[in-house]
Amino acid sequence: MDATLTSRPESGGYAGDIRTAKPTGRTADKVFVGLLWGCGIFVLVLLGLIIAMLFRGGLPAFAQFGLDFLWTPAWNPVTENFGALVMIYGTIFSAIIAVVIALPLSFGIAFFLTEIAPQALRRPIGVAVQLLAAVPSIIYGMWGFFIISPLMAAYVQPPLIEWLGPIPLLGALFQGPALGGGMLTAGLIMAVMILPFITAMFVETLESTPPMLKESAYGVGATTFEVYKNVSVPYGKTAMVGAVMLGLGRALGETMAVTFVIGNATRLSASLFAPGATIASTIANEFPEAAQGSLKLDSLLALGFILFVISFIVLALSRFLVRSNLKS
Amino acid sequence: MSSLAVRRTKDYAVKVISTGFAVVALFLLVWILFTLVQKGLPALTTNVFTKMTLPPGHNGGLLNAIVGSLMQIGLAMVIGTPIGLFAGTFLAENGRTSKLGHITRFVNDILLSAPSILVGLFVYAFLVNPFGGFSGWAGAVALAILVIPVVVRTTEDMLNLVPVGLREAAYALGAPRWKVVTMVTWRAARAGIMTGILLSIARAAGETAPLLFTSLGNNSWSTDMSAPMASLPIAIYQYAGSPFDDWVALAWAGALLITMSVLFLNVISRLVLSRTK
């Protein structure tokens, strides 16, 4: 019996003995799976390398200034006294302005796209809003610098300075000459840039609301807006907070659009209209003047490292919130 | 019944405002495009495509910047696409449940939204500084790092849409793994993967910040990848901030060129995807 099985004729039309035949492509498979793993791990290593190189590059600045670097308001290339406070403040403040402006718009557009717009218009309008995210950031910079800034200087800033400037405390936000640029203009332009991201994630979340929940609310007589406010939004709350965090994270690292309009002054000022700086704009702006091996270059790399840490925390938090909603 | 009237009015008001917001968003897009056409089109002469960047007042063009951009983007795609494709496949095929898969997916999401200027700074510290200066290679590497997470993300999403039964059928026929992935899974998802690649080209084409510290920019003709290299976004940045009218006009022409290409790639990629759905 064994003999008949093993002594099979060579040309019998069989591909081979199923017990002894090796699976085809075993070596190729090893190489292929190795490649898959290799590239997967490469992505991990890449992020690690970015963090490590920024930290190593900024180390001399951290060594020189210690943790004081974080809250020193000075940025003086002449005396080589560098601190990150002005830029950290500018980065966070301008990003928050962007989110505050973009948030109500996103809420409205998401409401429009999920509840109001006729079915046939939803996709084209949704795509058009998404195209705002595709416009390169340098284009936003030019548009902001040549179009928005003059409009701000002529029509927005002077009345605000006149009306709100004299109010104690609040007035501090509306001081100085109407130059057109500054924190508010930067925030406004970034709001347009992050709007598509927040809106897209809002729509995605709102569409995942179980129809049964919404129909029950309609059944007891709720209006469209009441269903949106009391059913759909609370249902997707966690992911929507995550979407806002993603918008914040994007705004924190925005470079070109901000560099054009923020004025690039490394002075601390409470006014929304005064020239300021963000970490990203400072790096873009001062890098060409930083000599290799200088303390200034080290300080710029240290700024980069700080920006990375801030972005990482915000983006990680955003992802955690968005994913936790998807799971439940 | 007055409370019902109040609720209905409120509902109506919110609907009007929301529609208004959507109109505002569309208006902004149209406004930006209109500005680009209005200022860019008159400056978009044949000079732009046939002449180098020249000093102000010399009727220069953007040829070296366009060629430099194409070369750097091309090389970035050659580097970034396979890595992204394989890493995305790893996440979809091997990393669905494994711990390494979860971490890699997390890291990729961070890379996707991380400030692009930091990628430029990283490449500066990693390649430019230790290896003798600014170069087209460094610019391409920086762009590749931006391309990878886009490709990884779309590849994974698209592969996840491929029915498991298709893979199992192929395995049941005795096909080795590499054949199943390349000839069945990738084929089934090729439109989606293509979309991701087109989107990543669009992203690389518009990025300015990472090129500032890597390929630097170059005002004369150079196709040498190991020397500083011109690129369209850098030329726009340099020209838009200058006090010379003809340079600013050229910057608008370049801006129009870049935006139209990027939007075109975006629209095409959506069409590719929706046609196969």
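Basis for what follows: all heavy atoms, side chains included, without hydrogens, waters or symmetry-related copies. Chain identifiers are assigned alphabetically (A, B, ...) following the order of the sequence lines, protein sequences preceding nucleic acid strands; residue numbering begins at 1 within each chain.
Heavy-atom minimum distance, A:Ser106 versus A:Thr199: OG-OG1, 3.5 Å.
Heavy atoms closer than 4.5 Å to chain A are found in the side chain of B:Ile148, but not in its backbone. In this structure, chain B has a heavy atom under 4.5 Å from the side chain of A:Ile116, while its backbone stays farther away. Residue A:Leu297 touches chain B through its side chain alone, counting heavy-atom pairs closer than 4.5 Å. For a residue to count as touching a neighbouring chain, one of its non-hydrogen atoms must lie under 4.5 Å from one of that chain's; by this rule A:Phe197 does not touch chain B. Interface residue A:Ile139: only side-chain heavy atoms are found under 4.5 Å from chain B. For A:Thr255, the part lying under 4.5 angstrom from a heavy atom of chain B is the side chain only. Contacts between A:Leu307 and chain B at a heavy-atom distance below 4.5 Å involve backbone atoms as well as side-chain atoms. Contact of B:Ala205 with chain A is not made at all, since no heavy-atom distance falls under 4.5 Å. Both the backbone and the side chain of B:Asp11 come within contact range of chain A, each with at least one heavy atom under 4.5 Å from a heavy atom of that chain. Proximity to chain B is absent for every atom of A:Tyr228, based on heavy atoms less than 4.5 angstrom apart. Contact annotation for A:Ser311: only side-chain heavy atoms (C-beta onward) come within less than 4.5 Å of a heavy atom of chain B. Only the side chain of A:Val192 comes within less than 4.5 Å of a heavy atom in chain B; its backbone stays farther off. With a 4.5 angstrom heavy-atom cutoff, B:Ala202 does not touch chain A via any of its atoms. For chain B, the nearby part of A:Val33 is the side chain; its heavy atoms alone come within less than 4.5 Å. The parts of A:Ile283 that come within reach of chain B are both its backbone and its side chain, each placing non-hydrogen atoms under 4.5 angstrom from that chain. With a threshold of 4.5 angstrom between heavy atoms, B:Leu36 approaches chain A through side-chain atoms but not through N, CA, C or O. The contact between A:Leu300 and chain B is made entirely by backbone atoms, counting heavy-atom distances below 4.5 Å. Both the backbone and the side chain of A:Phe312 come within contact range of chain B, with heavy atoms under 4.5 Å apart. For B:Phe134, the part lying under 4.5 angstrom from a heavy atom of chain A is the side chain only. Residue A:Ile279: no heavy atom, backbone or side chain, is found under 4.5 Å from chain B. B:Asn94 touches chain A through its side chain: at least one heavy atom from C-beta onward sits under 4.5 Å away, while N, CA, C and O do not.
Between the side chain of A:Ser149 and the backbone N or O of A:Phe146 there is no donor-acceptor pair closer than 3.5 Å. Between the side chain of A:Ser318 and the main chain of A:Val244, no donor-acceptor pair closer than 3.5 Å is present. In this structure, the side chain of B:Thr182 engages the main chain of B:Trp178 through a donor-acceptor pair within 3.5 Å. Side-chain N or O atoms of B:Asn108 include none that pairs as donor or acceptor with a backbone N or O of B:Thr104 at under 3.5 Å. With B:Ser18 contributing its side chain and B:Lys15 its backbone, the two residues share no donor-acceptor pair below 3.5 Å. The closest donor-acceptor contact from the side chain of A:Asn230 to the backbone of A:Glu226 lies under 3.5 Å.
By the neighbour-count criterion of 12 heavy atoms within 6.0 Å, atom OH of B:Tyr12 is sparsely surrounded, having that number or fewer from other residues, nucleotides or ligands. Within a 6.0 Å radius of OH in A:Tyr218, other residues, nucleotides and ligands contribute more than 12 heavy atoms.
Taking the six-membered ring for Trp and thresholds of 30 and 60 degrees, B:Phe213 and A:Phe287 have ring planes inclined between 30 and 60 degrees apart. Between A:Phe111 and A:Phe225, the angle of the ring planes goes over 60°, which puts this pair in the perpendicular group of the 30/60° scheme. Between A:Trp37 and B:Phe90, the two ring planes are perpendicular [angle over 60°; tilted spans 30° to 60°].
Taken to the nearest 0.5 Å, the CG atom of B:Leu232 stands 4.0 Å off from the CD1 atom of B:Ile258. Expressed to the nearest 0.5 Å, how far CG of A:Leu131 lies from CG of B:Leu29 amounts to 6.0 Å. Between the OG1 atom of A:Thr282 and the CG atom of A:Asn285 there is a distance of 7.5 Å, given to the nearest 0.5 Å. In this structure, B:Thr195 OG1 and B:Leu273 CG are separated by 4.5 Å, a value rounded to the nearest 0.5 Å.
Residue with the most contacts toward chain A among B:Arg8, B:Arg105, B:Lys39: B:Arg105 (heavy-atom pairs, distance under 4.5 Å). Between chain A and the residues B:Leu85, B:Thr259, B:Leu199, the largest count of heavy-atom pairs under 4.5 Å involves B:Thr259. Ranked by heavy-atom pairs under 4.5 Å with chain B, the first of A:Leu35, A:Leu195, A:Val135, A:Leu49 is A:Leu49. Counting heavy-atom pairs under 4.5 Å between each of A:Ala284, A:Gly57, A:Ala280 and chain B puts A:Ala284 at the top. Most heavy-atom pairs under 4.5 Å with chain B, from the set A:Lys229, A:Arg56, A:Met142: that is A:Met142. By number of non-hydrogen pairs under 4.5 angstrom with chain B, the leading residue of A:Gly293, A:Ala110, A:Ala128, A:Gly249 is A:Ala128. Chosen from B:Val181, B:Val152, B:Ile17, the residue pairing most often with chain A at heavy-atom distances under 4.5 Å is B:Val181. Counting heavy-atom pairs closer than 4.5 Å to chain A, the top residue among B:Val262, B:Thr89, B:Ile32 is B:Ile32. For chain B, the option among A:Glu254, A:Gln130, A:Glu115, A:Met256 with the highest count of heavy-atom pairs below 4.5 Å is A:Met256. Counting heavy-atom pairs closer than 4.5 Å to chain B, the top residue among A:Ala316, A:Ser137, A:Ala52 is A:Ala316.
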N/O donor-acceptor pairs under 3.5 Å from side chains in residues 109-132 of chain B, not counting sequence neighbours:
{"unit_1": "B:Asp109", "atom_1": "OD1", "unit_2": "B:Arg153", "atom_2": "NH1", "d": "3.1"}
{"unit_1": "B:Asp109", "atom_1": "OD2", "unit_2": "A:Arg319", "atom_2": "NE", "d": "2.7"}
{"unit_1": "B:Asp109", "atom_1": "OD2", "unit_2": "A:Arg323", "atom_2": "NH2", "d": "3.4"}
{"unit_1": "B:Ser113", "atom_1": "OG", "unit_2": "A:Arg250", "atom_2": "NH2", "d": "3.3"}
{"unit_1": "B:Ser116", "atom_1": "OG", "unit_2": "B:Glu207", "atom_2": "OE1", "d": "3.0"}
{"unit_1": "B:Asn129", "atom_1": "OD1", "unit_2": "A:Gln292", "atom_2": "NE2", "d": "2.6"}

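Under a 4.0 Å N-O distance rule, the pair B:Glu93/B:Arg177 does not qualify as a salt bridge.
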